[in-house]
Asker: 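First the structure, which I've put down as structure tokens, then a few questions once you've had a look.
The sequence lines fix the lettering, A, B, ..., with proteins before strands; numbering per chain opens at 1. Quantities reported herein were computed from a predicted structural model and do not represent experimental measurements.
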2 protein chains.
Amino acid sequence: MSAAESAVETIQREMTIFARRARASAGRMHPELSLVSYTLLGHLEERGGCRATDLAAHYALDKSTVSRQVAALERAGLIERRLDPEDHRVQVLHLTDVGQEILAQVTRSRRAAFRERLADWPEEDLVRFAAYLERYNAGPAGADSD
Amino acid sequence: MSAAESAVETIQREMTIFARRARASAGRMHPELSLVSYTLLGHLEERGGCRATDLAAHYALDKSTVSRQVAALERAGLIERRLDPEDHRVQVLHLTDVGQEILAQVTRSRRAAFRERLADWPEEDLVRFAAYLERYNAGPAGADSD
DNA sequence: ATTTCAAGTTGTACTATACAACTAGAACGT
DNA sequence: ACGTTCTAGTTGTATAGTACAACTTGAAAT
């Protein structure tokens with residue numbers, strides 16, 4: 001096996017390990033927020049509000065799934081729905097102040113975890129690793145956009 | 001923000017994206033085998049058979065979860081249970097021929113997907129990326145061993 | 001105006017998961 | 001040797017996240 005083939009094997013294996021671990025901890029990532037909720041909230045923050053349909057399309061989730069997630073997030077007071085005056089079918093979702101705070105808090109705690117894990121990496125390696133990951137995720141294979 | 005901090009941000013973000021995608025596709029990874037089943041079968045192959053309890057410990061799953069997964073895999077004819085003659089509480093799990101075949105098939109198709117995704121990467125980058133991932137996964141933070 | 005399309009909700013079902021209660025067998029301590 | 005405690009595994013029950021299908025409501029198009 002060539003060095004390239006063996007590297008691909010390793011990448012496959014390590015990505016699988018990471019995926020399994022992430023899956024295992026996705027539910028208990030934070031008492032307030034599952035991985036999916038966190039992602040949805042993050043998207044809302046980035047975009048400054050969007051429709052449930054946009055979330056569904058962006059994350060390749062069924063609209064019913066998003067509907068229930070959104071309902072839960074609203075119940076928890078993290079987001080609010082604003083009826084679009086232009087189109088009464090549409091509800092534009094926005095983070096509430098509480099939602100922003102919780103999101104920031106989870107982001108901080110995740111960031112701390114990553115920082116700690118990567119604490120002893122030389123800067124040069126961090127930069128290269130980050131670039132590789134971006135390149136990998138941007139790659140052609142994933143049918144799902146980010 | 002320093003280059004190192006910004007790289008850590010990127011690593012966090014890209015790992016989150018990867019985790020979410022992996023989660024989304026974990027169920028429909030292969031008609032025969034979910035990500036978890038694949039991992040369990042892989043472990044069985046590596047070890048040449050082991051107990052359900054070992055699988056549970058290794059992957060930080062509840063024994064009841066493993067029990068049901070194992071039952072499903074047995075029903076599907078991919079593994080078989082052999083009663084340990086030394087200790088009648090213990091069932092040693094082994095891949096069947098069919099199980100080995102399916103595992104090999106899924107491994108091949110996953111490998112092909114990774115190869116395709118990484119097809120245009122220079123060998124040097126593949127090798128470095130593989131090393132970074134290994135280092136990341138081997139890191140101290142993960143409470144769960146691999 | 002009627003048909004068709006789009007956004008969202010609700011009913012139903014399935015999978016993966018955990019925790020708790022249980023069964024069966026093994027090991028230990030007096 | 002016999003009861004206590006430990007271990008392996010199963011089963012009952014509950015929850016979360018997901019999808020698909022049927023439905024409601026509103027908008028657009030012919």
Side-chain angles (χ1 to χ4, degrees), chain A residues 19-41 44 49-76 79-94 143-144, chain B residues 19-41 44 49-76 79-94 143-144:
Chain A
R20 184 178 41 66
R21 286 183 183 170
R23 183 191 175 97
S25 62
R28 50 185 186 282
M29 182 178 95
H30 184 279
E32 305 276 356
L33 236 44
S34 72
L35 179 60
V36 172
S37 305
Y38 174 72
T39 306
L40 296 182
L41 254 46
L44 249 43
C50 74
R51 304 174 306 165
T53 296
D54 299 336
L55 294 175
H58 196 79
Y59 295 112
L61 293 169
D62 191 80
K63 57 188 177 162
S64 68
T65 300
V66 172
S67 175
R68 288 181 230 263
Q69 290 285 333
V70 161
L73 290 172
E74 191 190 27
R75 238 180 285 121
I79 65 176
E80 62 183 16
R81 310 152 114 112
R82 299 186 196 153
L83 250 159
D84 183 343
E86 307 284 300
D87 183 340
H88 281 199
R89 289 171 305 180
V90 171
Q91 301 170 7
V92 183
L93 308 172
H94 291 268
D144 47 345
Chain B
R20 185 178 42 66
R21 287 184 183 169
R23 185 192 173 95
S25 62
R28 50 184 187 281
M29 184 179 97
H30 185 276
E32 305 278 355
L33 236 43
S34 73
L35 179 60
V36 172
S37 305
Y38 174 71
T39 307
L40 297 182
L41 255 46
L44 249 43
C50 73
R51 303 174 306 161
T53 295
D54 299 335
L55 293 175
H58 195 78
Y59 295 112
L61 293 168
D62 192 80
K63 58 189 176 159
S64 67
T65 301
V66 172
S67 174
R68 288 181 232 264
Q69 290 285 333
V70 161
L73 290 172
E74 191 191 26
R75 237 178 288 122
I79 66 177
E80 62 182 17
R81 310 153 114 110
R82 301 188 195 151
L83 251 160
D84 182 345
E86 306 287 297
D87 182 340
H88 279 201
R89 290 170 305 179
V90 171
Q91 301 169 9
V92 183
L93 308 172
H94 291 269
D144 46 345

Asker: Would you mind reading off the distance between A:Leu73 atom CG and C:dG8 atom P, rounded to a whole angstrom?
Answerer: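 Rounded to whole Å, this separation is 15 Å.
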
Asker: Hey, does B:Leu40 have a side-chain heavy atom less than 4.5 Å from the side chain of B:Tyr59?
Answerer: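 They are in contact (side-chain heavy atoms under 4.5 Å apart), so the answer is yes.
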
Asker: Backbone N or O of A:Arg51 within a donor-acceptor pair of the A:Asp54 side chain at under 3.5 Å?
Answerer: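 A pair under 3.5 Å: yes.
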
Asker: Can you tell me how far apart CG (B:Leu44) and OG (B:Ser37) are? Round to the nearest 0.5 Å.
Answerer: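 Here the interatomic distance stands at 11.5 Å.
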
Asker: For residues B:Glu74 and B:Leu93, determine if any side-chain heavy atom of one lies less than 4.5 Å from a side-chain heavy atom of the other.
Answerer: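 Contact flag for B:Glu74/B:Leu93 side chains = no.
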
Asker: Could you check whether any side-chain heavy atom of A:Leu41 comes within less than 4.5 Å of a side-chain heavy atom of A:Ile79, counting everything from C-beta outward?
Answerer: yes

Asker: Looking only at non-hydrogen atoms, find the nearest pair between B:Ala52 and B:Val66 and report the distance.
Answerer: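 For B:Ala52 versus B:Val66, the nearest heavy atoms are O-CG1, 3.6 Å.
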
Asker: Of the options D:dA8, D:dT18, C:dA16, whose atoms approach the side-chain atoms of B:Thr53 most closely?
Answerer: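 Per side-chain heavy atoms of B:Thr53, the pick is D:dA8.
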
Asker: Could you check whether A:Val66 gets within reach of a base, just the sugar-phosphate, or nothing at all, counting any heavy atom under 4.0 Å?
Answerer: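 It contacts nothing in the nucleic acid.
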
Asker: Got a list of protein N/O to nucleotides 26-30 of chain D N/O distances below 3.5 Å?
Answerer:
residue : atom : partner : partner atom : Å
D:dG26  : N2   : A:Arg89 : NH1          : 2.9
D:dA27  : OP1  : A:His88 : N            : 3.2

Asker: Check the distance between C:dT9's P and A:Leu55's CG and give it to me in whole angstrom.
Answerer: 12 Å

Asker: Given 3.5 Å as the limit, does a donor-acceptor pair link the side chain of B:Ser67 with the main chain of B:Lys63, or not?
Answerer: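 Absent.
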
Asker: For B:Gln69 and C:dT17, what is the distance between atoms CD and C1' respectively, to the nearest whole Å?
Answerer: 9 Å

Asker: Rounded to whole angstrom units, what separation is found between the CG atom of A:Leu61 and the C1' atom of C:dG8?
Answerer: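 Between C1' of C:dG8 and CG of A:Leu61: 15 Å.
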
Asker: Provide the closest heavy-atom pair for A:Thr39 versus A:Leu35 in the form atom of the first, atom of the second, distance.
Answerer: OG1-O, 2.7 Å

Asker: For A:Ser64, give me all partners under side-chain hydrogen bond (donor to acceptor under 3.5 Å, both in side chains), at least two apart in sequence or on another chain.
Answerer: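 Result, side-chain hydrogen bond (donor to acceptor under 3.5 Å, both in side chains) vs A:Ser64: A:Asp62.
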
Asker: Rounded to the nearest angstrom, tell me the gap between atom CG in B:Asp54 and atom P in D:dA8.
Answerer: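 Computing the B:Asp54:CG to D:dA8:P distance gives 8 Å.
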
Asker: Please report, rounded to the nearest Å, how far the C1' atom of C:dT9 is from the CD atom of A:Glu74.
Answerer: 13 Å

Asker: Which nucleotide sits closest to the side chain of A:Arg81: C:dA7, C:dT9, C:dA18?
Answerer: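 The closest nucleotide is C:dT9.
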
Asker: If you assign each of B:Gln91 and A:Thr65 to its closest nucleotide in DNA chain D, which residue comes earlier from the 5' end?
Answerer: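 Mapping each residue to its closest nucleotide by heavy atoms, the 5'-most match is B:Gln91.
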
Asker: Can you tell me the distance, in whole Å, between the CG atom of B:Leu83 and the C1' atom of C:dA26?
Answerer: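 About 14 Å, once rounded to whole Å.
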
Asker: Polar pairs (N or O, both sides) under 3.5 Å between protein and nucleotides 21-23 of chain D?
Answerer:
none

